[in-house]
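These numbers come from a predicted model, not from an experiment. Note that ligands are numbered from 1 as they come in the structure, with each ligand's atoms numbered from 1 the same way.
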Amino acid sequence: MKINSNFLNLKDSYLFATVGRKTTAYKAAHPEKKVIRLSIGDVTRPLAPVVIEAMHKAVDDMSRKETFKGYGPDQYCYGYEALIDSIKGSYARKGISLESGEVFVSDGAKSDLGNILDLFAPENTVLVPDPVYPVYVDTNVMAGRKILYADANLANGFLPMPDFSVDADIVYLCSPNNPTGAAYTKEQLKEWVKYAREKDAVLLYDAAYEYFITDPALARSIYQIEGAKECAIEFCSYSKTAGFTGVRCGYTIVPMALVREGTSLNKLWARRQSTKFNGVSYITQMGAAAVFTEEGEKQISENLGYYRENAKIIATCLDELGIFYTGGKNSPYIWLKCPNGMDSWQFFDYLLENANVVGTPGSGFGKNGEGFFRLTAFGTKEDTLEACSRLKTLLKK
Ligand code: PLP
């Protein structure tokens, strides 16, 4: 018996563990100090009332013989039509028309981002932005694929554009980006669609943070770009949009028009899902179906507005300090250049010790993250204000 030795090529993910260990040690040594975590990547606001109400009703359905549900419907890989219709409605409001069979309900974007690789041959070359959400790299390392990196840096505003001299088969894009908060305009994405079509590549477009976008020049979906249905799969999530990180629900769009080597990727994905996945719970799906209703969108926008306000507080503070950053405007993440030439971990220690504020060192997200730092808008408004006041006192000196 042989193990998949590709796992041995994975780098230890020590980033969040080290942040946690250093924070705990500091708190233990200074119990009198209030440490503020602007490193939170998880949501903190509760679910919208319409979601709770829909989930309660779904629980009641489960209690009665007449309305009880077992496995979900086979027709759309166990996605209920009410949910699929609401997702199609959300896309229609962005000017995109989808067929029900193009929408796959998932237990979150992370699983599908990993599982989608079942569809691709191991010899494909993958292009991943650096820095980025580590899941893209690790899932391809597990599969033993060759990985190329697209540098995201100060020169390109952390939005790498295609290099037509590089041949990639699978290209990851994440917009708005985790960790940089940078988001592509529709004009920029046209270039990526052109690249994918020219190279016969497939774009894996992670839109987990699209509901943070307010600027109409920015793309909310890759399918806002003409020709994207022939070259892109899109991954979406209720996690950050509607506070579902603990509930677990997302959706992936695999267009009918996406065909490679004469084979429909939609059919392959449907086959893969019906073989290895048995759907998302009815209760969860009914809660998710309430999100993109008129009332649901009104209620989630209150929570999104709360996080946006925090992001604005941080961005304004950095503006006042004259510190370069990306994100903060159409994203819950703020990615800043460490001041005074500090590297990411030096700035982490400096902030923790002198302002008692915790962020995430950028070097943990890729080599181009060195010298940068991620703050998030997922804390409370009070903590965010307090942290920014401490930052100003410390860094104005
Ligand atoms: N994609 C990005 C860029 C993320 O940052 C995250 C979570 O932090 C995910 C996907 C995973 O989302 P989900 O909770 O839907 O699995």
Does [X] count as lying over the ring of [Y], i.e. NZ or CZ under 6.0 Å from the six-ring centre, within 45 degrees of the axis?
{"X": "Lys337", "Y": "Phe324", "value": "no"}
{"X": "Arg37", "Y": "Phe378", "value": "no"}
{"X": "Arg374", "Y": "Phe365", "value": "no"}

Just jot down the ligand 1 atoms closer than 4.0 angstrom to any heavy atom of [X], in number order.
{"X": "Lys240", "value": "7 (C), 8 (O)"}
{"X": "Gly108", "value": "15 (O), 16 (O)"}
{"X": "Asn178", "value": "3 (C), 5 (O)"}
{"X": "Asp206", "value": "1 (N), 2 (C), 3 (C), 10 (C)"}
{"X": "Cys174", "value": "3 (C)"}

For [X] and ligand 1, does the shortest N/O to N/O distance drop below 3.5 Å?
{"X": "Tyr333", "value": "no"}
{"X": "Ser237", "value": "yes"}
{"X": "Ala208", "value": "no"}

- request: Would you tell me which option among Ser106, Ser239, Gly246, Ser111 has the nearest heavy-atom contact to atom 14 (O) of ligand 1?
  value: Ser239
The one among Tyr209, Tyr136, Tyr172 that brings a heavy atom closest to atom 4 (C) of ligand 1: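 Nearest option to atom 4 (C) of ligand 1, by heavy atoms: Tyr209.
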Electrostatic pair [X]-[Y], nearest N-O below 4.0 angstrom:
{"X": "Asp61", "Y": "Lys57", "result": "yes"}
{"X": "Glu99", "Y": "Lys88", "result": "no"}
{"X": "Glu187", "Y": "Lys190", "result": "yes"}

- request: Just need the protein heavy atom nearest to atom 11 (C) of ligand 1, so name the residue and atom and give the distance.
  value: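 Minimum-distance protein heavy atom for atom 11 (C) of ligand 1 reads Tyr133 OH, 3.3 Å.
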- line: For atom 16 (O) of ligand 1, the closest protein heavy atom turns out to be Arg248 NH2, 2.8 Å
field: Any side-chain donor near an acceptor of the partner, Tyr209 and Asn330, under 3.5 Å
entry: no
message: Under a 3.5 Å cutoff, is there a donor and acceptor pairing between the side chains of Ser221 and Glu234?
response: yes
